[in-house]
Amino acid sequence: MTDPAYDDWQPRLVALDIDGTVIQWVEGTGQDNEEIAPAVRAAVHRVLDAGGHVVLASGRSIDGMTSVVDLLGLHRGEQVWVVASNGGVVFRYPPVDVVHEERFDASEAVRAILAEHPTALVAVEEYGVGYRVSHHFPPGELSGTQIVADVDELVAEPVTRVVIRDPDATPEEFVELGRRLGLANTEYVVGWSAWMDLAPVGVSKASGLARVADALGIDAHETLAIGDGRNDLEMLRWAHRGVAMGQAVDEVKAVADDVTAPVEEDGVAVELARWFLPDR
């Protein structure tokens, strides 16, 4: 690499998205598919061997992330930092110790969306359980147990994150919906399907990672982030080096500093090999 911005540079903090980045997303299995390629696991451990920190940053809930921390073997006798719920929750593990969480009133935004997509599914996180949902989500899309409740009950109190899912709609329809409604006082991110995450204004993976970096005494200049989805946009902008996976949508690639191989070709391992060689 000849870019002078990276001369003699090696990240001290590596932030990794999970689905579509560390783990290949397999349609129909969702979060039930938790297999990590040996090359990716080995590359992550080279970061740890060099004294770096690897922080998972995902839209998943706490319950959907701890198993991936275990699979990667990130904890070497001490707690590691994790950013969950698209930055809404920052915790350490093991055991789970919630360090910071953001809650907000999602009722107005949820009702505005349901007015146009009345059959859409709604879910809010329930620590240690999984989710409370208006109806059961398709298999593999949510981790943990799903407890069915009325929508009014789901948003009666401030929440950390809300998921809106319409299996009969398209992601393009949801992107347009978010733009049209405005969703005052709410951040929103549309996923690969007609899936919308709602969060408090100013909360993102980047805000969560900034808290972690500050706690570790690490400057943003010393960070590398890799992701593939629209919920990774702020994270890729925040990091000194933001890298998009090869299969990422054009919107994500456009804000990234570079594009690595797709998840099927171990893109995380390809990128990390630039900075953490086996003999380095």
Side-chain angles (χ1 to χ4, degrees), residues 17-36 56-71 82-91 93 96 98 101-104 106-107 109-110 113-114 117-171 174 186-200 203-205 208 227-232:
D17 170 50
I18 293 180
D19 298 293
T21 301
V22 172
I23 293 175
Q24 183 176 344
W25 181 268
V26 178
E27 193 67 33
T29 64
Q31 293 186 25
D32 293 333
N33 174 51
E34 292 191 344
E35 294 184 6
I36 297 172
L56 297 181
S58 173
R60 290 189 180 203
S61 66
I62 292 175
D63 307 281
M65 298 188 71
T66 54
S67 60
V68 183
V69 175
D70 293 338
L71 283 172
V82 188
V83 175
S85 307
N86 287 325
V89 177
V90 176
F91 70 98
Y93 172 79
V96 172
V98 176
E101 68 172 352
E102 299 274 0
R103 290 183 175 269
F104 72 116
S107 57
V110 169
I113 295 168
L114 291 181
H117 289 263
T119 61
L121 312 176
V122 181
V124 298
E125 293 180 19
E126 186 80 5
Y127 286 172
V129 176
Y131 290 83
R132 289 183 295 133
V133 299
S134 59
H135 299 280
H136 285 286
F137 273 55
E141 291 196 348
L142 295 177
S143 59
T145 301
Q146 298 183 38
I147 301 172
V148 178
D150 291 336
V151 171
D152 287 343
E153 180 183 340
L154 297 182
V155 295
E157 301 290 338
V159 296
T160 56
R161 173 191 175 215
V162 175
V163 176
I164 310 288
R165 173 77 164 97
D166 188 347
D168 297 322
T170 66
F174 261 33
T186 305
E187 300 279 10
Y188 71 92
V189 176
V190 176
W192 288 92
S193 60
W195 173 296
M196 183 181 289
D197 278 304
L198 304 181
V203 173
S204 67
K205 291 185 183 182
D228 74 315
R230 293 182 182 90
N231 61 341
D232 294 313

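- Taking both residues in full, the closest heavy atoms of Ser67 and Glu34 are given as OG-OE1, 2.7 Å, listed atom of the first, atom of the second, then distance.
- Distance check, rounded to the nearest 0.5 Å: CD of Glu141 to CG of Asp19 gives 11.0 Å.
- Within the 3.5 Å criterion, the main-chain N or O of Val122 finds a donor-acceptor partner in the side chain of Ser134.
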### Message
Go through it in stages, so that I can follow the logic: the residues are Val98 and Ile62, the test is side-chain contact (heavy atoms from CB on, under 4.5 Å), and I'd like the CA-CA distance, side-chain angles, deciding distance and then a yes or no.
### Response
CA-CA 9 Å; Val98 176; Ile62 292 175; 3.8 Å; yes
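- Between the side chain of Gln146 and the backbone N or O of Phe137, at least one donor-acceptor pair lies under 3.5 Å.
- Ser143 and Tyr131 make their closest contact through O-CD1, 3.5 Å (heavy atoms, listed as atom of the first residue, atom of the second, distance).
- Rounding to the nearest 0.5 Å gives a distance of 6.0 Å between CG of Asp232 and OG1 of Thr21.
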### Task
Verify side-chain contact (heavy atoms from CB on, under 4.5 Å) between Asp63 and Val129, making sure each step is shown before the conclusion.
CA-CA 7 Å; Asp63 307 281; Val129 176; 6.0 Å; no
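- For the residue pair Tyr93/Asp70, the side-chain donor-acceptor check at 3.5 Å is satisfied.
- Here the side chains of Tyr127 and Val89 are in contact, with some heavy-atom distance below 4.5 Å.
- Taking CG of Asp197 as the reference point, atom CZ of Arg230 lies at 12.0 Å (rounded to 0.5 Å).
- A 4.5 Å side-chain heavy-atom check between Asn231 and Trp195 finds every atom pair outside the cut-off.
- Using a 4.5 Å heavy-atom cutoff, the side chains of Asp17 and Lys205 are in contact.
- Put simply, CD1 on Ile164 and CG on Leu121 are 9.0 Å apart, with the number rounded to the nearest 0.5 Å.
- Residues Leu154 and Val159 come closest through the heavy atom pair O-CG1, 3.8 Å.
- Counting all heavy atoms, side chain and backbone alike, Leu142 lies closest to Ala123 at CD1-CB, 4.0 Å.
- Of the possible polar contacts, none joining the Arg161 side chain to the Ala199 backbone as a donor-acceptor pair under 3.5 Å is found.
- Taking OG of Ser58 as the start and CD1 of Ile23 as the end, the distance is 9.0 Å to the nearest 0.5 Å.
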### Task
Tell me, with the steps shown, if Thr186 and Val162 meet side-chain contact (heavy atoms from CB on, under 4.5 Å).
CA-CA 11 Å; Thr186 305; Val162 175; over 6 Å; no
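- Closest approach of Gly191 to Pro171, counting heavy atoms only: O-CB, 3.8 Å.
- Rounded to the nearest 0.5 angstrom, Arg60 CZ and Met65 CE are separated by 8.0 Å.
- Listed by chain and number, the residues in a side-chain hydrogen bond (donor to acceptor under 3.5 Å, both in side chains) with Asp150 amount to none (sequence neighbours excluded).
- Using modelled atom types, one finds a donor on one side chain and an acceptor on the other under 3.5 Å when comparing Ser85 with Glu125.
- Between Ala84 and Ser61, the shortest heavy-atom contact is CB-C, 4.2 Å.
- Listed by chain and residue number, His117 satisfy the ring-ring contact (aromatic ring centres under 6.0 Å, His included) test with Phe174 (two or more places apart in sequence, or in another chain).
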